[in-house]
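Data first, discussion second: the structure below is written as structure tokens.
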Amino acid sequence: MREGRWEEALSAIREKARVTDSGCHEWEGYTSKAGYPQTHVDGDRRAYVHRLVVEALLGKPLGKHPVHHKCANRLCVNPEHLQVTTHRENTAEMLSRQALLAEIAELRSVVESLAPGHPVLGKVSGMVA
């Protein structure tokens with residue numbers, strides 16, 4: 001893949017992505033240790049695929065601006081699920097999402113402690129009354 005040849009880059013990226021039921025285009029190629037899609041650009045340099053997608057759409061390099069996954073799926077390279085953001089906004093969204101997930105886990109544990117057959121259990125996804 002060559003940087004600056006945007007249509008060629010997008011085509012190559014599409015070939016290595018699988019569309020999920022949620023509309024994510026999940027990368028099926030190499031990923032970093034942190035789980036982000038990567039590919040080789042210009043022969044030897046590794047680049048994050050989600051950043052390449054946005055650069056291709058904008059027709060220019062992003063510099064140091066982060067790209068946020070609105071879908072919270074690191075493997076997703078769907079242009080509709082990606083947005084350029086600031087480091088501050090990206091970090092704030094991530095911390096907010098982590099806090100929400102922690103709250104959901106805490107509430108789930110409370111609901112799971114209810115006696116079997118409790119009517120609330122039938123209203124909670126994935127639980128049996």
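For the salt bridge (charged side-chain N to carboxylate O under 4.0 Å, His left out) test, residues two or more places apart in sequence or in another chain that qualify with Arg18 are Glu26, Glu28. Residues meeting the side-chain contact (heavy atoms from CB on, under 4.5 Å) test with Leu107, sequence neighbours left out: Glu103. Contacts of Glu89 classified as salt bridge (charged side-chain N to carboxylate O under 4.0 Å, His left out), with partners at least two apart in sequence or in another chain: none. In this view, His68 and Asn90 satisfy the side chain to side chain donor-acceptor pair (under 3.5 Å) rule, not counting sequence neighbours. Under the rule for a salt bridge (charged side-chain N to carboxylate O under 4.0 Å, His left out), the partners of Arg97 that lie at least two apart in sequence or sit in another chain are Glu93. For Thr20, the side chain to side chain donor-acceptor pair (under 3.5 Å) partners are Ser22, not counting sequence neighbours.
In this structure a side-chain-to-backbone donor-acceptor pair under 3.5 Å is present from Glu55 to Leu62.
Here the closest non-hydrogen pair linking His81 and Cys76 is ND1-SG, 3.4 Å. For the residue pair Trp27 and Thr39, the shortest heavy atom distance occurs at CZ2-CB, 4.3 Å.
Centroid-to-centroid, the aromatic rings of His69 and His50 come within less than 6.0 Å.
The environment of Glu106 atom CD is sparse: at most 12 non-hydrogen atoms of other residues, nucleotides or ligands sit within 6.0 angstrom.
From Arg108, atom CZ reaches atom OG of Ser113 across 12.5 Å, with rounding to the nearest 0.5 Å.
Relative to the ring axis of Tyr36, Arg51 does not place its NZ or CZ within 45° and under 6.0 Å from the centre.
Side-chain contact check for Arg46 versus Tyr30: some heavy-atom pair is nearer than 4.5 Å.
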